[in-house]
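This is the structure I have questions about; it appears just below.
Note that the coordinates shown come from a computational prediction; the quantities given were computed from them, not determined experimentally. Hydrogens, waters and symmetry mates play no part in the numbers below; they use all other heavy atoms, side chains included. Residues: numbered from 1 along the sequence shown.
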Amino acid sequence: VTLEELPSGGLARAGRGEGGAGGDALEGVTVADIDARARRQFELPVSLRGALVTEVDENSASYVAGLRPGDIILEVNRKPVTNADEAVQLSGEVTGPRILLRVWSQGGTRYLVVDESKKPK
């Protein structure tokens with residue numbers, strides 16, 4: 001797996017061009033698959049599966065909710081995520097302005113509610 005700069009403007013789809021999510025869910029968030037380099041850089045357990053957050057726009061609702069680069073998205077609206085493509089697909093299925101994420105961060109898991117209706121201006 002090769003990490004490359006992904007398009008911005010939504011939850012990015014690795015290698016598939018512009019990837020936005022329905023209803024602007026997770027706008028400003030870029031994700032990638034977890035590879036060996038990311039595991040070393042962020043000290044990720046070998047068994048950890050999910051989508052690696054590589055960028056979060058500081059003017060996004062995701063940033064306000066506490067999502068940061070290096071976090072791993074484990075679930076989107078209580079559905080498991082094992083890679084970046086699944087995160088993009090599940091975020092595209094969101095119908096309202098809120099999305100529930102379960103993330104792994106700094107050795108533990110937590111839930112975040114990203115509310116796009118409360119995005120900073």
Quiz prompt | Ring-face cation contact, Y111 with R78, 6.0 Å cut, 45° max | solution =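 R78 over Y111 ring: yes.
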Quiz item: Does a side-chain heavy-atom distance below 4.5 Å link L52 with V31?
Solution: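 A side-chain contact is absent here, since even the closest heavy-atom pair is not under 4.5 Å.
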Practice problem: Flag the pair E116 / E27 as yes when at least one side-chain heavy-atom distance between them is below 4.5 Å, and no otherwise. | Solution: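 With C-beta onward as the side chain, the pair touches.
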Quiz item: Which heavy atom in V29 sits nearest to a heavy atom in S62, and how many Å separate them?
Solution: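 What the structure gives for the nearest pair is CG2-OG, 3.3 Å.
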Self-check item: Distance-minimising heavy-atom pair for S91 and V76
Solution: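 Scanning both residues, the minimum pair turns out to be N-CG1, 4.2 Å.
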Self-check item: Test item: R102 side-chain N/O and K79 main-chain N/O as donor-acceptor pair under 3.5 Å
Solution: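 A pair under 3.5 Å: no.
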Quiz prompt | Heavy-atom closest pair, residues I34 and R49 | solution =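 Minimum heavy-atom contact is CD1-C, 4.3 Å.
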Quiz item: Do V81 and L74 have side-chain heavy atoms sitting under 4.5 Å apart?
Solution: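 SC-SC contact between V81 and L74 ruled out.
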Self-check item: Value rounded to 0.5 Å, distance of CD1 in I72 from CZ in F42
Solution: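 I72 CD1 to F42 CZ: 7.5 Å, rounded to 0.5 Å.
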Self-check item: Shortest non-hydrogen contact between A32 and T54, atoms and distance
Solution: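 Smallest interatomic distance, heavy atoms only, reads CB-CG2, 3.8 Å.
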Exercise. May I ask you to test the S105-R110 pair for a side-chain heavy-atom distance under 4.5 Å?
Key: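 Yes; the side chains approach each other to less than 4.5 Å.
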Practice problem: Test side-chain contact (heavy atoms from CB on, under 4.5 Å) on W104 and I73 and set out the steps. | Solution: CA-CA 7 Å; W104 182 95; I73 299 175; over 6 Å; no
Quiz item: Quick one: does V114's side chain get under 4.5 Å of L26's, heavy atoms only?
Solution: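 Counting from C-beta outward, V114 and L26 do come under 4.5 Å.
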Exercise. Report yes if the side chains of T30 and V53 come closer than 4.5 Å at any heavy-atom pair, otherwise no.
Key: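 No; the side chains remain at least 4.5 Å from each other.
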Quiz prompt | Nearest atoms (heavy-atom pairs only) where V113 meets A65 | solution =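 Scanning both residues, the minimum pair turns out to be O-CB, 3.5 Å.
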Quiz item: So how far is it from L67 CG to E55 CD, rounded to the nearest 0.5 Å?
Solution: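 One gets 12.0 Å once the value is rounded to the nearest 0.5 Å.
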Quiz prompt | Spacing of L100 atom CG and D115 atom CG [to the nearest 0.5 Å] | solution =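 Between L100 CG and D115 CG, I get 12.0 Å after rounding to 0.5 Å.
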Self-check item: Hphob cluster co-occupancy, L101 + Y63, side-chain heavy atoms under 4.5 angstrom
Solution: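 L101 and Y63: one cluster.
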Quiz item: With side chains defined as the heavy atoms from C-beta onward, is the minimum distance between V103 and T109 less than 4.5 Å?
Solution: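 They are not in contact (no side-chain heavy atoms under 4.5 Å apart), so the answer is no.
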Quiz item: Just by modelled atom types, is the D85 backbone N or O under 3.5 Å from a matching donor or acceptor in the Q89 side chain?
Solution: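 No; zero donor-acceptor contacts below 3.5 Å.
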Quiz item: Nearest heavy-atom pair of D33 and A84: which atoms, and what distance?
Solution: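 Nearest heavy atoms, D33 then A84: OD1-N, 2.8 Å.
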Quiz item: V94 versus N77: any side-chain heavy-atom pair under 4.5 Å?
Solution: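 Of all side-chain heavy-atom pairs linking N77 with V94, at least one is under 4.5 Å.
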